[in-house]
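Report on one structure; see the data block that follows.
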Amino acid sequence: MSESAGEGQKLAPRSVGEQLSAERMRQNMELSDVAARTRIPLRHLEAIENGTHEGLPATPYSVGFVRTYATMLGLDGPALSRAFRDELGEERRGHFEPEAYEPVDPSRVPSRLLAMVALGVALLLGMGYLLLRFQEDNVDLARLAADTVEDNRPLPPKPLVAPPPAEPAIPTGPITVTAIEEVWFKISERAGRTYFMNVLPAGQSYTLPEDAIDPVLRTGRPQSVRVAIGTTILPPIGEPDRLVRAYSLKRDALVAIATAKPAAAAEGGAADNAATPEDIVGSAAGEAPPERRRRSTTLPPAFRSVAPTTEPTAPASDPAAAPDQRAQP
């Protein structure tokens, strides 16, 4: 009788927890070792082996614990996890007890007529509220229209915007120095070579060579000299009867003066080419102008007209000659 009972227990299918426990014991492993290797809490491993599923977490987590446990022991993890899912499902379905439906007392349910009346009253209240709001909006619009006065005043004229001034054209042509009246001046390179140094009769002009690098002009009577680029006449090169020691005749400097505004050009010409204090001191120290004497003069071929061979002498009583005598070459 006992032998038949033992055979029946062997033939009966074992649970997933029993299979895992038997395999663990066969491998001589403690449950704490399994918890350390799989990082599954010890209480959950004990619940899986003992079949006490009430202390386990949700089904997906419990099934994952079984798969990890079985794989660590070398068993078929997916198959045992599916079997464990079936065990949990049957157990939890067996414990489900639906509540009996308790019918509602008919005396507590409102009648259909009462419900229809309540619905009609709610619709009437809603329509009345909307109508009242619509009338208030119309009154507000009428007041706003009555308070609005049409503005018939003419619009102010638009201010006239002056067009931007046109950019001055860049002058081209040769650089010339013309004597308005008989005057002595010198044109040379700032560092050495002299192009012209003589008295130029009134109406005569000197054309600066194109190969000049940094030419400067020196004269004691700037009011008697006129500088031009082609047909463009530049502002005066300095104050009357004031020594101009080094007025730049470089094309870039002259073009900048010619294309600047009139006020800026006058200020720039006076600031850049006025006599320095040391020039005035030198003039007061006794630097005398070249002696005016009657001699034959050979003018450079750059003059536009033929100059007289002799320099006219000014009368001693002529006051116009006095500034020229004070000027320094």
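Heavy-atom basis, side chains included; hydrogens, waters and symmetry copies ignored. Numbering of residues begins at 1 and proceeds along the displayed sequence.
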For [X] against [Y], the heavy-atom pair lying closest together:
X: L249; Y: L254; result: O-CD1, 3.7 Å
X: I233; Y: A228; result: CA-CB, 4.1 Å
X: P78; Y: S81; result: O-OG, 2.7 Å
X: A179; Y: P201; result: CB-O, 3.2 Å
X: G173; Y: I229; result: O-CG2, 3.8 Å
X: I40; Y: H44; result: CG2-CB, 4.2 Å

>> With salt bridge (charged side-chain N to carboxylate O under 4.0 Å, His left out) as the criterion, how do E210 and R251 come out once you've worked through the C-alpha distance, each side chain's angles and the decisive distance to 0.1 Å?
In response: CA-CA 10 Å; E210 292 295 335; R251 182 173 294 274; 3.8 Å; yes

>> Among residues at least two apart in sequence or on other chains, which ones pass side chain to side chain contact (heavy atoms under 4.5 Å, CB included) with Q19?
In response: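 Testing Q19 for side chain to side chain contact (heavy atoms under 4.5 Å, CB included), a comparison that skips the adjacent residues, returns R14, L80.
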
[X]-[Y] co-clustered via ILVMFWY side chain contacts under 4.5 Å:
X: V177; Y: V216; answer: no
X: I170; Y: I175; answer: yes
X: Y206; Y: I180; answer: no
X: Y61; Y: L45; answer: no
X: V34; Y: V66; answer: yes

Between the side chain of [X] and the main-chain N/O of [Y], is any donor-acceptor distance below 3.5 Å?
X: Q27; Y: L73; result: yes
X: Q223; Y: D241; result: yes
X: S21; Y: G17; result: no
X: E182; Y: L200; result: no
X: T232; Y: T172; result: no

Side chains of [X] and [Y]: closer than 4.5 Å at any heavy-atom pair?
X: S62; Y: I48; value: no
X: S15; Y: E87; value: yes
X: V227; Y: T176; value: no
X: P171; Y: T259; value: yes
X: L208; Y: P174; value: no
X: D76; Y: T71; value: no

>> Just checking F185 against F196, ring centres under 6.0 Å apart?
In response: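 Between F196 and F185, which both carry aromatic rings, the centre distance is below 6.0 Å.
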
>> Less than 3.5 Å apart, any donor N or O on the side chain of E49 or Y69 sitting next to an acceptor on the other?
In response: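 Indeed, the side chains of E49 and Y69 share at least one donor-acceptor pair under 3.5 Å.
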
Just list the side-chain donor-acceptor pairs under 3.5 Å for residues 187-194, sequence neighbours left out, or say none.
| unit_1 | atom_1 | unit_2 | atom_2 | d |
| --- | --- | --- | --- | --- |
| E189 | OE1 | D214 | N | 2.8 |
| E189 | OE2 | Y195 | OH | 2.5 |
| E189 | OE2 | I213 | N | 2.8 |
| R190 | NE | D214 | OD2 | 3.0 |

> Going through the checks in order, is the side chain to side chain contact (heavy atoms under 4.5 Å, CB included) test met by L88 and H53?
Replying inline: CA-CA 8 Å; L88 289 177; H53 300 156; 3.5 Å; yes

Got a second to check how far [X]'s [atom1] is from [Y]'s [atom2], nearest 0.5 Å?
X: F65; Y: T38; atom1: CZ; atom2: OG1; answer: 9.0 Å
X: E23; Y: L75; atom1: CD; atom2: CG; answer: 5.0 Å
X: R82; Y: R67; atom1: CZ; atom2: CZ; answer: 9.0 Å
X: M72; Y: L20; atom1: CE; atom2: CG; answer: 9.0 Å

> Between R226 and E181, is there a side-chain N and carboxylate O pair less than 4.0 Å apart?
Replying inline: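 The answer is no: the pair does not qualify as a salt bridge.
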
> Salt bridge between E46 and R43, side-chain N to carboxylate O under 4.0 Å?
Replying inline: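 The answer is no: the pair does not qualify as a salt bridge.
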
>> Would T219 and L217 count as a side chain to side chain contact (heavy atoms under 4.5 Å, CB included) here? Give the steps.
In response: CA-CA 7 Å; T219 183; L217 183 145; 3.7 Å; yes

> Take atom CE in M29; do more than 12 heavy atoms of anything else shown fall under 6.0 Å from it?
Replying inline: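 Yes, because the 6.0 Å sphere around CE of M29 holds more than 12 heavy atoms from other groups.
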
> Does CG in L31 sit with more than 12 non-hydrogen atoms of other residues, nucleotides or ligands closer than 6.0 Å?
Replying inline: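 Yes, CG of L31 has more than 12 neighbouring heavy atoms, counting only those of other groups under 6.0 Å.
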
